[in-house]
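A note on names: the letters A, B, ... follow the listed sequences, proteins ahead of strands, and every chain is numbered from 1.
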Number of protein chains: 2
Amino acid sequence: MATGRTHRPATRSRGIPEATVARLPLYLRALTALSERSVPTVSSEELAAAAGVNSAKLRKDFSYLGSYGTRGVGYDVEYLVYQISRELGLTQDWPVVIVGIGNLGAALANYGGFASRGFRVAALIDADPAMAGKPVAGIPVQHTDELEKIIQDEGVSIGVIATPAGAAQQVCERLVAAGVTSILNFAPTVLSVPDGVDVRKVDLSIELQILAFHEQRKAGELAAGAVVPAAASRQETAAVRRGAAAGREPAADQGPDGDVPAVMPT
Amino acid sequence: MATGRTHRPATRSRGIPEATVARLPLYLRALTALSERSVPTVSSEELAAAAGVNSAKLRKDFSYLGSYGTRGVGYDVEYLVYQISRELGLTQDWPVVIVGIGNLGAALANYGGFASRGFRVAALIDADPAMAGKPVAGIPVQHTDELEKIIQDEGVSIGVIATPAGAAQQVCERLVAAGVTSILNFAPTVLSVPDGVDVRKVDLSIELQILAFHEQRKAGELAAGAVVPAAASRQETAAVRRGAAAGREPAADQGPDGDVPAVMPT
DNA sequence: CCATCTTTGTGCACGCGTTCACAAAGGCAT
DNA sequence: ATGCCTTTGTGAACGCGTGCACAAAGATGG
């Protein structure tokens, strides 16, 4: 039982660095937008700007996939879209199950970005019997009892966990036992999975906490009268107005975090 | 106009490496759980296991904050909770606005992890006049017209964007102009922000695409008969059963990805 | 008070990722 | 055909992050 690595250790999968893989979807999105505007070719400089990265980085990233550009001209948009899609495995159909149809699960089920990239929501699963049969995003919710059957029948290998934190590990184990080998985890917990199973986690509250850290740092620099990059000085009063709430009892909170209700209030 | 860096370049903020900052919330969560169970002290080994990281890494991370441990014993849980909270700026109250109350926005508003960590949802904002006044998670939705006023009145410096992709940049600019200096972006777009503004992005479809890449790789290795780490071999048939859909026309998709409706269908 | 045992804190080395800078390559105009 | 101009692809250097391994520190028992 390897304890929840967030993603692949440092093993460079078939020569493509992990960092590059993480950027490919970014390039793909920018390229798709260009494709829709019928732009035939694009330079590394332009594409990099659209994707929000350095052009040298982009060229090096593409060099791992092969030499798909033409010197003096740039990259053929359509061709590159195809190559990246293929590399990411997006030319095949990936059935996905979403477990935990609360607010977040419903949001995911309705999310357009899934369907538009080769992902198909094969099933929505929730532990609440009252949810069973209710359609969410046009798909009827099924009960947890069906989990194993669905995964095997549909050949699902990717599962999304959007349950409360307390249920996540258990759901994870059932998913893995049924044959799922990739998990996207939205529950604020560290998942334990066997070797060979990939887990990626998305944690809303962690992202906010990181922002808070930098925000505090900015405020601190401001208070210390340090040199500050122009635009940030509109903000003087806000930091002061913010009331300190030091000495909060962590235990006084409303239960373990991420305890979203399993049913979506309409 | 610096084009959307995802987070801080590589500038190590006040000596604390960015990678460490990103892990602090993880430690904090594990520590809070221990605190609730009234565990007085914890060793780096135990805490590391709970947080899903290497114990050496954890010790090094803590060493950036100062020497808060006792050799031969471990770390005092309560004290460490306080120190990390303080370092992350969680001992103060951070008012946050959420813009775009669709499925995702509603999910975020209901998310318990916000309130339980010093973050307070100061306002919910949506462009749809029909939403105005409707309570979501007990907070009445306000119209976009009020955005600037709310931010200034409440001293908001952190904004969450959960709008469709098309509206994100515009919303972002209004937020920044009104004084917001940290943005959590859920829209699948690269945001352009001035220097001094931090942007972090959470992209559901990107995470899935990364999983798909690794999944495809596993399937490939399997087909090639390569040596595979034990547990993954339950899965033989699924990869084969999955139908290939190669040659999809990218342009045939349903518009730019992430075009979720701005209004939440009840 | 001393010996032993546990656990921290960190110096060091290594590898991945990023960036610079430039040679090679190809289009295009003349 | 030839020379110029643009843009790719990549070798090399650098810096950050990770993990190892161990010395220093302190608690604990006798």
Side-chain angles (χ1 to χ4, degrees), chain A residues 2-3 5-24 26-27 31 34 39-77 79-80 83-84 210, chain B residues 2-3 5-24 26-27 31 34 39-77 79-80 83-84 210:
Chain A
T3 283
R5 289 158 302 140
T6 299
H7 47 288
R8 207 118 280 262
T11 332
R12 149 178 318 205
S13 328
R14 175 161 135 238
I16 300 182
E18 190 58 30
T20 295
V21 173
R23 278 188 296 268
L24 289 182
L26 231 57
Y27 302 144
L31 284 165
L34 290 173
V39 178
T41 62
V42 64
S43 74
S44 66
E45 203 69 51
E46 293 169 309
L47 185 54
V53 301
N54 188 303
S55 75
K57 198 186 296 189
L58 178 142
R59 285 199 301 277
K60 179 143 288 193
D61 282 344
F62 285 175
S63 81
Y64 291 116
L65 309 186
S67 296
Y68 296 144
T70 310
R71 297 173 190 232
V73 175
Y75 299 91
D76 182 279
V77 172
Y79 187 55
L80 203 47
Q83 287 299 339
I84 295 180
I210 296 173
Chain B
T3 283
R5 289 158 303 139
T6 298
H7 47 288
R8 208 119 282 263
T11 332
R12 144 179 322 204
S13 329
R14 175 161 135 240
I16 300 182
E18 191 59 30
T20 295
V21 173
R23 278 188 297 267
L24 289 182
L26 231 56
Y27 302 144
L31 284 165
L34 291 173
V39 178
T41 61
V42 65
S43 73
S44 66
E45 204 69 50
E46 294 168 310
L47 184 54
V53 301
N54 189 303
S55 76
K57 200 187 297 190
L58 178 142
R59 286 200 300 276
K60 181 147 290 194
D61 282 343
F62 286 175
S63 81
Y64 291 117
L65 310 185
S67 296
Y68 296 143
T70 310
R71 298 174 190 232
V73 176
Y75 300 90
D76 182 277
V77 172
Y79 186 55
L80 203 47
Q83 288 299 341
I84 295 179
I210 296 173

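Residue A48(A) comes nearest to S55(A) through the heavy atom pair CB-CA, 3.5 Å, listed as atom of the first residue, atom of the second, then distance. The minimum heavy-atom distance linking Y79(B) with D76(B) is given by the pair N-OD1, 2.9 Å. The nearest pair of heavy atoms linking Y75(B) to L80(B) is CB-CD2, 3.7 Å.
Counting heavy atoms from C-beta outward, T20(B) and F62(B) have side chains that stay 4.5 Å or more apart. Counting heavy atoms from C-beta on, the side chains of E46(B) and L34(B) never come closer than 4.5 Å.
With rounding to whole Å, Y64(A) atom OH is found 10 Å from dT10(D) atom P. Rounding to whole angstrom units, CG of residue D76(B) and C1' of dG26(D) are separated by 16 Å. Remark: C1' of dT8(C) and CG of L80(B) are 13 Å apart, rounded to the nearest angstrom. Rounded to whole Å, the distance from CG on N54(B) to P on dT10(C) is 17 Å. Atom P of nucleotide dG17(C) and atom CD of E18(A) are separated by 8 Å, given to the nearest angstrom. The distance from atom CD1 of I16(A) to atom C1' of dG17(C) is 15 Å, rounded to the nearest whole Å. Atom pair E45(B):CD and dC20(D):C1' shows a separation of 13 Å (rounding to whole Å applied). Regarding D61(A), its CG atom lies at a distance of 13 Å from the P atom of dT10(D), rounded to whole Å.
Here S44(B) reaches the OP1 or OP2 of dT8(C): one of its side-chain N or O atoms lies under 4.0 Å away. Between K57(B) and dG17(D) there is no side-chain polar atom (N or O) within less than 4.0 angstrom of OP1 or OP2. Under 4.0 angstrom from either OP1 or OP2 of dG9(D) there lies at least one side-chain N or O belonging to Y75(A).
Formation of a donor-acceptor pair under 3.5 Å by the T70(A) side chain with backbone atoms of V73(A) is not found in this model.
If you take CG on L31(A) and CG on L47(A), they are separated by 4.5 Å, rounding to the nearest 0.5 Å.
Nearest nucleotide to the side chain of S63(A), out of dG17(D), dT8(C), dG9(D): dG9(D). Closest to the side chain of T70(B), out of dG17(D), dG9(C), dA27(D), is dA27(D). Among the nucleotides dT8(D), dC20(C), dA21(D), the one closest to any side-chain atom of A56(B) is dA21(D). Distance from the side chain of R59(A) is smallest to dT10(D) among dT10(D), dT18(C), dA21(D).
Among the atoms of the strands shown, none is found under 4.0 Å from any heavy atom of F62(B).
Counting distance only, with no hydrogens placed and no angle test, the side-chain atoms of K60(B) and the base atoms of dG19(D) include a donor-acceptor pair under 3.5 Å. The base of dT7(C) has none of its N or O atoms less than 3.5 Å from a complementary donor or acceptor on the side chain of R71(B).
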Interface polar pairs with nucleotides 28-30 of chain D, N/O, under 3.5 angstrom:
none

